[in-house]
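These notes concern the structure reproduced below.
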Amino acid sequence: MKIATYNINGVNGRLPVLLKWLEEAKPDVVCLQELKAPQDKFPERALLDVGYNSIWHGQKMWNGVAILARDLPLQEVRNSLPGDESDLHSRYIEAIVGRMLVCCLYLPNGNPAPGPKFDYKMAWFKRLKKHAKYLLSEEVPVVLAGDYNVIPTEKDVYKPERWVDNALFFPEPRKAYKELVGQGWIDSIRHLHPDETIYTFWDYLRNAYGRDAGLRLDHLLLSPQIAPRLVAAGVDKHVRGWEKSSDHAPTWIVLADEEEI
DNA sequence: ATGTCTTGTAGGACAAGA
């Protein structure tokens, strides 16, 4: 069972890249962020044609999240993060996929920081932590995946000193991420690769990909009820080098079948 | 500071988010 998260940065503009990657990687479940498409412009048909059912929550111009699944029942649980009825950004969607709960999130970027956008980021993070704690209390298999817009540690950025003034690397979101994981979640990639340099994002500017000037922003957190099944985790880095690619690369985990544990 | 890519509005160039 392969589960991926991928900030696609425009699901229609990059549909050929998405379809090519789906065909190559054959993930069973995919969390997409930054659809940049309104609800009625999601490419449901094209994804069905390559074998994926979808649920999504679109938004005109920005944000937007989706969950895709192949050969698995897919049932939406909620399409927004609880805790603030006035928050209209499409940044969270959650579904029962097979026998797991899959949560797809797109945490606010927060720049420029400090400022109102940073405050929104931290308020969103607080709501996420509260909901994540509730999910853990359910004691079920949960995958909490997405673009967290947080560089967790200095190990997760090519040049930490270049990012100290950026909302992705500010102490507050790093602390919040640490506290979130500390609730009892497993950061899949770091769990299996504690010392390796692993990036999931390379800026479009200044040939960042060519210089491997990357960041690790996309994370798949596992609840204790599913973490023992983790057997592999990685990034499809080469996809970032494709024509018209997103600035993020698909990030994935492989879980053993339930009966193998 | 730099500079790249997206979408939307509008029917060409620009704004804004990231």
Side-chain angles (χ1 to χ4, degrees), chain A residues 5-21 31-44 46-47 56-66 81 87-92 104-125 128 145-152 156-170 172-174 176-177 199-219 235-251:
Chain A
T5 183
Y6 188 13
N7 179 320
I8 192 67
N9 190 7
V11 71
N12 288 307
R14 307 196 192 282
L15 189 59
V17 170
L18 176 60
L19 295 175
K20 182 179 170 186
W21 169 72
C31 295
L32 294 177
Q33 301 86 33
E34 270 205 276
L35 303 177
K36 291 186 174 175
Q39 189 69 9
D40 62 351
K41 290 289 196 302
F42 183 82
E44 180 182 23
L47 292 166
W56 66 95
H57 190 196
Q59 180 180 334
K60 196 173 161 183
M61 290 202 247
W62 299 304
N63 309 318
V65 283
L81 184 65
D87 179 9
L88 298 177
H89 290 203
S90 298
R91 294 182 175 276
Y92 187 87
C104 172
L105 65 99
Y106 176 44
L107 214 129
N109 174 294
N111 280 304
K117 289 186 178 178
F118 186 70
D119 296 341
Y120 172 62
K121 175 179 196 161
M122 293 316 299
W124 208 94
F125 223 139
L128 177 63
D147 177 2
Y148 285 71
N149 266 316
V150 175
I151 302 165
D156 301 309
V157 46
Y158 66 102
K159 254 185 193 179
E161 65 274 17
R162 286 269 172 100
W163 290 83
V164 291
D165 293 328
N166 193 291
L168 308 186
F169 198 51
F170 258 40
E172 293 94 329
R174 289 172 62 192
Y177 183 78
Y199 302 137
T200 68
F201 165 94
W202 296 261
D203 207 303
Y204 289 121
L205 307 178
R206 298 176 290 275
N207 188 33
Y209 181 66
R211 298 184 293 121
D212 198 26
L215 312 172
R216 190 172 75 97
L217 303 178
D218 302 273
H219 313 302
V235 180
D236 287 336
K237 183 178 175 180
H238 65 285
V239 175
R240 176 64 180 81
W242 289 354
E243 186 93 7
K244 298 271 283 178
S245 86
S246 167
D247 40 7
H248 294 250
T251 305

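All values derive from a computational prediction rather than experimental measurement. Below, chain A is the first sequence line, B the second, and so on; all start at residue 1. Just so it is clear, the values below take in all heavy atoms, side chains as well, and ignore hydrogens, waters and symmetry mates.
In terms of position on DNA chain B, the residue among A:Pro108 and A:Asp203 whose nearest nucleotide sits closer to the 5' end is A:Asp203.
Residue contacts shown for A:Arg240 are absent, as no nucleic acid heavy atom lies under 4.0 Å away. Contact annotation for A:Tyr106: backbone-only contact, meaning every heavy-atom pair under 4.0 Å involves sugar-phosphate atoms and none involves a base.
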Secondary structure string for DNA chain B (Watson-Crick or G-U under 3.5 angstrom, | for other-strand pairs): ...((((((...))))))

Solution key, residues 159-170 of chain A side-chain donor-acceptor pairs under 3.5 Å, sequence neighbours excluded:
from     : atom 1 : to       : atom 2 : distance (Å)
A:Trp163 : NE1    : A:Tyr158 : OH     : 3.4
A:Asn166 : OD1    : A:Asn111 : ND2    : 2.9
A:Asn166 : OD1    : A:Leu168 : N      : 2.9

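The aromatic rings of A:Phe42 and A:Trp56 lie parallel to each other, with less than 30° between the two planes, well short of the 60° mark.
Sorted by first and then second residue, the salt bridge (Lys or Arg N to Asp or Glu O under 4.0 Å) pairs with a member in residues 201-217 of chain A read A:Asp156-A:Arg216, A:Asp187-A:Arg216, A:Asp212-A:Lys237; sequence neighbours excluded.
Separation of the C1' atoms belonging to B:dT6 and B:dA1 is 22 Å when rounded to the nearest angstrom. Taking the P atom of each, B:dA16 and B:dA10 are spaced 14 Å apart, rounded to whole Å. For the P atoms, the distance linking B:dG3 with B:dG8 amounts to 27 Å, nearest Å.
Residue A:Asn111 contributes atom CG, which lies 8 Å from atom C1' of B:dA18 at whole-angstrom precision. Going from atom CZ of A:Phe118 over to atom P of B:dG17 covers 17 Å, rounded to whole Å. Rounding to whole angstrom units, CG of residue A:Leu107 and C1' of B:dG17 are separated by 16 Å. Counting to the nearest Å, the P atom of B:dA18 and the CG atom of A:Asp218 are 15 Å from each other. Protein atom CZ of A:Phe201 is 14 Å distant from nucleotide atom P of B:dT6, rounded to whole Å. We find that CZ of A:Arg162 is positioned 14 Å from C1' of B:dG3, with the value rounded to whole Å. As a whole-Å value, the separation of A:His89 NE2 from B:dA18 P is 8 Å.
Distances shown here put every side-chain N or O of A:Arg206 at or beyond 4.0 Å from the OP1 or OP2 atom of B:dT4.
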Nucleotides 8-16 of chain B: which of its N/O atoms have a protein N/O under 3.5 Å away?
from  : atom 1 : to      : atom 2 : distance (Å)
B:dT9 : OP1    : A:Lys60 : NZ     : 2.6

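Remark: of the listed residues A:Trp202, A:Tyr204, A:Tyr199, A:Trp202 is the sole one forming a ring-ring contact (aromatic ring centres under 6.0 Å, His included) with A:Tyr209.
For A:Arg91, the salt bridge (Lys or Arg N to Asp or Glu O under 4.0 Å) test picks out no residue, with sequence neighbours left out. Considering only residues two or more places apart in sequence or on other chains, A:Asn149 meets the side chain to side chain donor-acceptor pair (under 3.5 Å) condition with none of them.
If you check the side chains of A:Asp87 and A:Tyr92, you find no donor sitting under 3.5 Å from an acceptor. Using a 3.5 Å distance cut-off with no hydrogens or angles, the side chains of A:Asn109 and A:Lys121 do not pair a donor with an acceptor.
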